[in-house]
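Just follow the structure's listing: the first ligand is 1, and inside any ligand the first atom is 1. Residues: numbered from 1 along the sequence shown.
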Amino acid sequence: MTNQPLWHGRFANKTNEAAFALNASISFDIRMADQDVRGSIAWAEAIYKAGILDEAEHAQIQAGLRQIKEEIRSQTFTVKPDDEDIHSAVERRLGEIIGALSGKLHTGRSRNDQVATDFRLWMLDHIPALDAALVDLQSALVERAEMDISLPPSGEGWDGGTIMPGYTHLQRAQPITLGQWFLSHYPPLKRDQARLQELSRRVSILPLGSGALAGCPYPIDRVALSESLGFDAPSFNSLDAVSNRDFAAEFLFVAALIGTHLSKLAEQVVLFTSAEFGFFELDDAYSTGSSLMPQKKNADPFELTRGKAGTLLGYLMGLMATLKGLPSTYDKDLQEDKIPVFAAFDTLIAMLPVIAGALRTLTVIPARMEAAIDSNMMATDLADYLVERGIPFREAHAISGEVVRAGISKEKSLNALTLEEYQEINAVFDEKVYEVYDARASIAKRAAIGGTAPEAVKVQIERAKEELKN
Ligand code: ARG
């Protein structure tokens with residue numbers, strides 16, 4: 001006997017094979033098998049309490065569902081060619097186990113409130129893994145910062161670890177510590193994690209008990225049902241409940257933003273591992289070679305991370321476009337919600353541990369980083385030197401600019417200009433001007449909260465470690 005679709009009654013003829021294939025979602029919603037059965041277990045109890053099932057029927061349905069749950073757990077649950085979606089597959093299997101009684105389970109329920117429930121349960125089940133992967137990457141960044149700042153002093157009384165150029169517009173701007181650089185990638189991920197937690201609260205609203213759209217005609221206790229499935233509360237309005245996919249869009253937004261943050265980090269690592277920068281070397285375990293050019297060592301995981309950020313953004317755009325302009329309430333278009341969410345989840349779960357591992361194992365080349373700092377990067381400190389001598393900052397900025405211009409025309413770096421050359425520009429310059437070009441001193445001055453000075457970096461490390469503990 002071939003299985004009939006759940007909705008066969010109204011139809012005289014069988015669905016066209018290609019149309020069935022297009023319609024079917026089992027290939028991807030099979031991932032919600034466990035959630036689907038849990039939803040059914042809770043639903044069976046709810047309709048039993050509402051007097052729709054007697055005790056014996058309830059017990060039989062529960063036993064059948066528990067058997068299916070176990071089959072799913074042990075991966076012995078099999079999909080049949082006629083299973084349109086996971087809901088049909090579970091109901092079909094229940095029929096195989098307990099017979100015609102299985103037909104009572106769907107009383108008062110629709111696949112519309114069922115699928116919305118399954119999908120929310122799936123998300124609630126999977127956010128913790130993403131959260132853990134984000135925490136691990138944050139830990140890797142903090143570990144690297146701490147590791148660097150614990151290096152033996154590299155300069156006079158210096159306990160700030162590696163120093164490097166900080167960039168704006170990808171132009172050398174001001175010297176910073178490597179610890180400060182690593183830690184700059186920590187707060188965006190922390191915020192993403194907070195976004196996921198915030199999102200969880202909105203996911204935790206139960207659609208089940210909304211029927212196809214208009215609500216459930218049986219006296220279901222939706223509060224008890226919500227509690228039994230671990231949701232915070234039942235949904236407010238049945239029309240909204242079956243059509244609301246905000247949670248999927250929000251999930252994809254957070255995923256796209258995580259992708260964007262990782263991509264920014266990745267782009268810098270790709271640059272820093274190039275021969276031109278030579279700041280980092282990736283461990284062999286996290287890089288790949290070329291089939292043609294024997295010398296190549298490529299930062300593929302970081303390039304892929306950069307690339308996948310685009311794909312993640314596409315998932316968000318795709319779903320938003322699907323949702324836009326849909327008539328209330330359930331439309332089959334909504335079936336398109338799961339593929340991008342599953343794909344975004346899989347992408348991040350694959351990517352995050354690789355980035356964390358690559359960061360934990362990369363070699364820093366402090367000499368290259370320090371060599372990339374030139375005295376021009378202390379031109380701001382030169383202006384501050386003039387400010388200390390009573391010159392208003394705006395004027396000091398202009399004088400420093402003149403010094404930079406003189407350096408360019410004389411083809412000298414700022415610390416190579418003679419005192420006479422300085423004094424030709426302004427009489428206030430004295431011998432002490434050369435102290436300005438100590439990059440470590442420049443860094444050490446920036447000790448206000450959040451700054452690059454070693455003491456400020458140490459405060460960040462302590463704070464991050466405290467946050468990561470919780
Ligand atoms: N497979 C469907 C989905 O994922 C289940 C809901 C079907 N509802 C319906 N009215 N055809 O959206």
Side-chain angles (χ1 to χ4, degrees), residues 3-11 14-40 42-43 68 72 77 79-94 103 105-126 203 205-217 229 235 238-249 251-252 315 318-346:
N3 292 296
Q4 314 257 44
L6 298 176
W7 35 266
H8 66 93
R10 188 223 178 280
F11 290 79
K14 219 175 159 344
T15 321
N16 167 278
E17 227 174 278
F20 178 85
L22 177 68
N23 200 43
S25 53
I26 187 73
S27 64
F28 50 91
D29 63 23
I30 183 76
R31 290 181 67 157
M32 307 191 305
D34 179 67
Q35 290 77 19
D36 193 74
V37 177
R38 273 157 52 205
S40 286
W43 184 248
I68 299 174
I72 292 163
F77 180 81
V79 167
K80 300 256 167 92
D82 289 331
D83 293 336
E84 179 185 329
D85 53 25
I86 185 58
H87 327 297
S88 317
V90 169
E91 205 176 310
R92 183 260 309 149
R93 181 67 189 132
L94 187 62
L105 173 62
H106 210 54
T107 315
R109 184 176 69 170
S110 157
R111 282 183 297 161
N112 297 355
D113 57 351
Q114 192 179 1
V115 72
T117 301
D118 291 5
F119 198 18
R120 284 171 181 265
L121 278 175
W122 183 92
M123 199 173 278
L124 290 172
D125 287 348
H126 287 78
V203 184
I205 298 295
L206 174 80
L208 200 59
S210 299
L213 73 159
C216 180
L229 282 168
S235 51
S238 63
L239 304 186
D240 176 56
V242 297
S243 59
N244 175 12
R245 293 296 183 275
D246 289 7
F247 65 99
F251 179 87
L252 290 177
Y315 295 144
L319 182 66
M320 293 296 283
T322 297
L323 296 178
K324 179 195 159 299
L326 279 189
S328 173
T329 56
Y330 180 85
D331 301 276
K332 194 62 175 250
D333 315 46
L334 291 176
Q335 182 166 285
E336 291 293 303
D337 58 358
K338 285 162 227 65
I339 295 174
V341 167
F342 293 158
F345 175 80
D346 291 344

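With no hydrogens or angles considered, a side-chain donor-acceptor pair links S40 and R109 at under 3.5 Å.
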Exercise answer: donor-acceptor pairs, residues 326-333 side-chain atoms, under 3.5 Å, sequence neighbours excluded:
unit_1: K332; atom_1: NZ; unit_2: N23; atom_2: OD1; d: 2.8

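Contact shell of ligand 1 (protein heavy atoms, cutoff 4.0 Å): S25, D29, D85, H87, R111, N112, V115, Y330, Q335, K338.
By the ring pair (Phe, Tyr, Trp, His ring centres under 6.0 Å) test, H8 is found to be paired with no residue, residues two or more places apart in sequence or in another chain being considered. The side chain to side chain contact (heavy atoms under 4.5 Å, CB included) test applied to P340 returns L252, Y315, not counting sequence neighbours.
A cation-pi arrangement is present between R31 and F342 under the rule of less than 6.0 angstrom and at most 45 degrees off the ring axis.
Rounded to the nearest 0.5 angstrom, L323 CG and D246 CG are separated by 8.0 Å.
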